[in-house]
Amino acid sequence: VLTMTDLTEERATQHLLQHLLRSATTVAIVGTDRTGRITVVNAGAEALLRIDARAATRHSFLDFLDPEQLTLRGVAAGVPIGFETLVHDVTEAESRTRDWTWVPPDGVPLVVSMTTSVIADGSDNPIGYLFVARDVTETRRNQELLREALQREQLAVDHLRALDDAKDDFVSTVSHELRTPLT
């Protein structure tokens, strides 16, 4: 008995997936299992995390997150600190996008806007998670600079209003003091 299986379509799909992972360089894609162990990263994730894909798959995704931020968010959400902090409110029907601080092995942190999604098998059972992120470090830094500039401008406006009020009071007082003796 000879049995054959046509793998052409499966190989084409695998080739397409590998091509997508190599060519998406401006967006980081990290796939994990249910416990947070990294199973796949794309070229964009390699660039942002500054680590080789094979080396990344030997890590938990938590190894690349700011532990203080993870703890603060876990406490705020009332969930156990750890991978559950990342995925506690993600469902198959709804992904979540938040800013997170990634800390690559070189220790230079970066802020990413990260969308977390559930990966399910054919029976809709969660088998892992997909994290899609883009670096927003400069964007957030510029937003903070704009906020600070706006606060400084608001203080300057308040100071100018106070000076204008003082000038009005002075003119009113001088006018009153001059009118009284003339009368």
Side-chain angles (χ1 to χ4, degrees), residues 1-140:
V1 175
L2 180 63
T3 304
M4 295 166 87
T5 304
D6 184 8
L7 300 175
T8 307
E9 186 176 326
E10 186 178 325
R11 286 188 179 153
T13 302
Q14 184 68 17
H15 178 71
L16 177 62
L17 176 63
Q18 291 301 320
H19 178 70
L20 286 172
L21 288 174
R22 281 192 313 272
S23 62
T25 57
T26 59
V27 174
I29 301 171
V30 178
T32 68
D33 62 14
R34 289 176 32 170
T35 66
R37 186 109 233 49
I38 295 175
T39 56
V40 64
V41 296
N42 74 330
E46 284 182 292
L48 283 181
L49 292 172
R50 297 181 274 292
I51 191 169
D52 179 68
R54 281 183 296 230
T57 58
R58 293 190 292 266
H59 289 272
S60 167
F61 190 49
L62 295 178
D63 295 344
F64 300 105
L65 295 176
D66 179 13
E68 270 185 45
Q69 185 181 51
L70 192 68
T71 301
L72 289 173
R73 289 190 181 184
V75 169
V79 296
I81 309 303
F83 193 67
E84 179 67 21
T85 304
L86 279 175
V87 299
H88 74 278
D89 59 352
V90 178
T91 64
E92 284 184 59
E94 193 172 343
S95 299
R96 295 280 183 216
T97 302
R98 289 188 201 96
D99 282 0
W100 283 92
T101 302
W102 283 9
V103 184
D106 63 9
V108 179
L110 55 122
V111 179
V112 297
S113 176
M114 184 170 74
T115 302
T116 306
S117 304
V118 174
I119 301 171
D121 63 9
S123 303
D124 291 334
N125 297 316
I127 58 171
Y129 295 90
L130 185 66
F131 302 92
V132 180
R134 63 185 177 81
D135 185 0
V136 293
T137 305
E138 286 300 316
T139 303
R140 298 302 182 256

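Every heavy atom of this structure was used, including side-chain atoms; hydrogens, water molecules and symmetry mates were not. Please read these numbers as outputs of a predicted model, since none were measured by experiment. Residue numbers start at 1 and run along the sequence shown.
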Apply side-chain contact (heavy atoms from CB on, under 4.5 Å) to residues Thr35 and Phe83 and explain how you reach the verdict.
CA-CA 7 Å; Thr35 66; Phe83 193 67; 5.9 Å; no

Test side-chain contact (heavy atoms from CB on, under 4.5 Å) applied to Thr85 and Leu62, step by step
CA-CA 10 Å; Thr85 304; Leu62 295 178; over 6 Å; no

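Nearest heavy-atom pair across Gln69 and Asp99 is NE2-O, 4.0 Å. The two atoms that bring Val27 and Asn42 nearest to each other are O-ND2, 2.8 Å, heavy atoms only. Ser60 and Arg37 get closest at one heavy-atom pair: N-NH1, 2.8 Å.
Remark: Arg96 CZ is packed, more than 12 non-hydrogen atoms of other residues, nucleotides or ligands lying under 6.0 Å away. The neighbour count for Glu138 CD, taken as heavy atoms of other residues, nucleotides or ligands under 6.0 Å away, is above 12.
Looking only at side-chain heavy atoms (C-beta outward), Ser113 and Thr97 come within less than 4.5 Å of each other. Considering only heavy atoms from C-beta on, Val30 stays 4.5 Å or farther from Phe64 through its side chain. You'll find the side chain of Asp89 reaches within 4.5 Å of the side chain of Arg98, heavy atoms only. Using a 4.5 Å cut-off on side-chain heavy atoms (C-beta onward), Leu65 and Trp102 make contact. In this structure, Pro104 and Leu110 have side chains that are in contact, with non-hydrogen atoms separated by less than 4.5 Å.
Between the side chain of Thr39 and the backbone N or O of Gly31, at least one donor-acceptor pair lies under 3.5 Å.
Separating the OG1 atom in Thr116 from the CZ atom in Phe131 is a distance of 5.0 Å, to the nearest 0.5 Å. The structure places OH of Tyr129 at 10.0 Å from CD1 of Ile119, a figure rounded to the nearest 0.5 Å.
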